[in-house]
Amino acid sequence: SKTRERLKDSLGELFEIDRLVDQAFLEELEEILITADIGIETVNRLLEPSRKKILTGEPLKVSELRRSLREEMLQMLTVPTPPFPPEASPAVIFFIGVNGVGKTTTLAKVAWHLKNRGFSVLAIAADTFRAAAIEQLETWGNRVGIEVIKQAPGADPGAVVYQGLQAAKARGTEVVLVDTAGRLHTKYNLMEELKKMVRVADKVIPGAPHENILVLDATTGQNAVNQAKLFGEAVKLHSLIITKMDGTAKGGIAVTVAHLFKLPIRFVGLGEKMEDLAPFEPKAFVDALLP
Amino acid sequence: MFENLSERLEGVFQRLRGKGKLTKDDVERGLREVRLALLEADVNYRVVKNFVDRVRERALGAEVLESLTPAQQLIKIVHEELIRTLGETPAPLDLGGSRPVPILLVGLQGSGKTTTAAKLALFLRKKGHRPYLVPADVYRPAAIDQLKTLAERVGVPVYDTDPTDNPVEIAKKALAEAKALGRDVAIIDTAGRLHIDEAMMTEAAAIKETVSPREVLLVADAMTGQDAVNIAKSFHEKVGLTGVILTKVEGDARGGAALSIREVTGCPIKFIGTGEKLEALEVFYPDRLASRILGMGDVLTLIEKA
Ligand SMILES: Nc1nc2c(ncn2[C@@H]2O[C@H](COP(=O)(O)OP(=O)(O)OP(=O)(O)O)[C@@H](O)[C@H]2O)c(=O)[nH]1
Ligand SMILES: Nc1nc2c(ncn2[C@@H]2O[C@H](COP(=O)(O)OP(=O)(O)OP(=O)(O)O)[C@@H](O)[C@H]2O)c(=O)[nH]1
Ligand SMILES: [Mg+2]
Ligand SMILES: [Mg+2]
């Protein structure tokens, strides 16, 4: 987009000439960071040391500021990252998140990725609520070439999880991907339903689910923090996937969420096809925020 | 998570109490809190800037400077300006022109278009209209099935889309079908698309060109962040909008994106989606969203529902 280009240009210009940081520079930098959805609190924390320096008249070079900002943001994204898929057999992975973020599509992409790495994969259609959610996953299953365990629309999602995991055990499947219905984190009943699905998984396969992935849409603003907080209070979260990074939204809130909740970002979604998934690269991500 | 603006301003002005008349600097301190509150509510940075400038102009007048309750005065101004920006009164759907009246829904992936199409159909059916639903998303797996299922639930006939047709043909044929069936409104659901996807944006413009919809509604997620301005601007420039529907409003997002969208397109927000159920569509009231953006609760809605 034009805005993005403009911001990029302006930041490029900002950093190009290695002049001293002044008030106007900080303001422009603030705009760039805030419009990337990093969140005002995080931005203030990132810029506070530079503001202080300027107030006390201490010289600060633009290149120095850039380096320290980059390091600070990389630091925020540095959290322990266990192997993927988790070391369990079968490894059970839940895809969780609010409505429409891309859970089902991302599940298909991850299935494709794992299949290409030689894993046997099975999907469970535990979104029995949304119209045609089961058909959607089945279509993906056919495309990717994996089996999808399903029941009729309206079935109890816990029961589908139960049946699917039994099937996985019987077949010796290595990785099971569970598609859950979109739900707002503020809805008590739906969060209880999610907890129940997790309990059922643990009953069939002690220790399961081994990874609960919170799927976040890069276009989302500050609400992503509440999403991570409340989903994390309901079930243990292990990681994040950021979708729709092919748009113009920078997904800056992911930095804040990863940092606040100490969650590694596994992948980013870059489109609607099954190959549109890339491992998360912190450096590339930060560089896109701070060209 | 966030303190509401009212508490913050009380805090700021409390510290100044006893100093006598407020100075311009004091007002600036209050405005800084206003700015923060809006940014935390996801209102776009630039939009916030313009908005705060408008508020400043009024706040430097006597109503705030000489007031015994400056926090409340400032809140009042902010609230009024928000309502003014959001569009004062609810904007009804335009259902004029020859029957069937086409309504086109567009937006990013996953924003809620298909669900909203069914909700609108139900809303109109209850008002005595004879709506028709048109699935014109041939890309997303099971998108046609999804709308057909929803159509059945709301008791509205649906066009039997041939998935090998292109969306422009679909819209055209469906409209003819709607006419033959004596339907009076045709709601066209389109595939989600990125505003920077030139081919897909051209397609949306071509559908519009072909069916001349009375309403082109951008369906936007209330949780959208700063990018709302770019999204709305592109859809408005490339397709041309007449209104907005804000979805997923029943959560705890502040919904500042609505202000950004309204500011860059000038198009009224017509409805809000407040749930996954097909009844969960409400007429948009600017004052309620204004309170919400400020974190001051949706008091009016609560009162009305009680
Ligand atoms: N551009 C883009 N679109 C995506 C991406 N991931 C998913 N989508 C699209 O986003 C829309 C919603 O995706 P779904 O996978 O159905 O989302 P979901 O979270 O399962 O939705 P619910 O189950 O209804 O909550 C679809 O149109 C997808 O094609 C991505 O990385 N980029
Ligand atoms: N909580 C809540 N969920 C909603 C609302 N409107 C739609 N949804 C949900 O959001 C998700 C996406 O809705 P869809 O109608 O499939 O969105 P779409 O824009 O048609 O998606 P694409 O066709 O993939 O671009 C589904 O899970 C819907 O149930 C709403 O007002 N509140
Ligand atoms: Mg889904
Ligand atoms: Mg749709």
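Letters A, B, ... mirror the listed sequences (proteins, then strands); counts begin at 1. Only a predicted model underlies this, so the values are computations on that prediction, with no experimental measurement involved.
- The environment of NZ in A:Lys262 is crowded: more than 12 heavy-atom neighbours from other residues, nucleotides or ligands sit within 6.0 Å.
- Interface remark: of the candidates B:Ser111, B:Gly110, B:Pro141, B:Pro141 forms the most heavy-atom pairs closer than 4.5 Å to chain A.
- Only the side chain of A:Glu272 comes within contact range of chain B, with heavy atoms under 4.5 Å apart.
- Neither the backbone nor the side chain of A:Val101 comes within contact range of chain B; no heavy atoms are under 4.5 Å apart.
- Applying the salt bridge (charged side-chain N to carboxylate O under 4.0 Å, His left out) test to A:Glu135 and every residue at least two apart in sequence or in another chain returns nothing.
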Item to check | Stepwise salt bridge (Lys or Arg N to Asp or Glu O under 4.0 Å) test for A:Glu192 and A:Lys195 | outcome: CA-CA 5 Å; A:Glu192 287 300 309; A:Lys195 287 191 204 170; 2.9 Å; yes

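- Between chain A and the residues B:Asp252, B:Ile144, B:Thr149, B:Leu150, the largest count of heavy-atom pairs under 4.5 Å involves B:Asp252.
- Among A:Val98, A:Leu137, A:Thr186, the residue with the largest count of heavy-atom pairs under 4.5 Å with chain B is A:Thr186.
- Comparing A:Ile134, A:Asn223, A:Asn44 by heavy-atom pairs within less than 4.5 Å of chain B, the highest count is held by A:Asn223.
- Atom NZ of A:Lys109 has more than 12 neighbouring heavy atoms from other residues, nucleotides or ligands inside a 6.0 Å radius.
- Contact annotation for A:Glu138: neither backbone nor side-chain heavy atoms come within less than 4.5 Å of a heavy atom of chain B.
- Among residues at least two apart or in separate chains, salt bridge (charged side-chain N to carboxylate O under 4.0 Å, His left out) pairs with a member in residues 138-156 of chain B are B:Lys148-B:Asp160.
- In plain terms, the two heavy atoms of A:Ile213 and A:Leu240 that are nearest each other are CG2-C, 4.0 Å.
- With a 4.5 angstrom heavy-atom cutoff, A:Ile40 touches chain B only via side-chain atoms.
- If you measure heavy-atom distances from A:Lys229 to chain B, you find no contacts under 4.5 Å at all.
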Next on the checklist: Could you go through B:Arg254 and B:Asp42, starting from their C-alpha distance and side-chain angles, then the distance that decides it, and tell me whether this counts as side-chain contact (heavy atoms from CB on, under 4.5 Å)?
Outcome noted: CA-CA 7 Å; B:Arg254 288 283 178 84; B:Asp42 290 320; 5.9 Å; no

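- No part of B:Arg193 comes within reach of chain A, as not one of its non-hydrogen atoms sits under 4.5 angstrom from that chain.
- Looking only at heavy-atom pairs under 4.5 Å with chain B, the residue among A:Thr139, A:Thr104, A:Leu184 that has the most is A:Leu184.
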Next on the checklist: Show, in sequence, the C-alpha distance, side-chain angles and deciding distance for A:Lys103 and A:Asp179, and conclude whether the side-chain contact (heavy atoms from CB on, under 4.5 Å) test is met.
Outcome noted: CA-CA 7 Å; A:Lys103 295 172 294 299; A:Asp179 187 28; 4.0 Å; yes

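- At a 4.5 Å heavy-atom cutoff, the contact between B:Ile231 and chain A is made by side-chain atoms alone.
- Contacts between A:Leu190 and chain B at a heavy-atom distance below 4.5 Å involve the side chain alone, from C-beta outward.
- Between B:Thr116 and B:Leu105, the closest heavy-atom pair is C-CD1, 4.2 Å.
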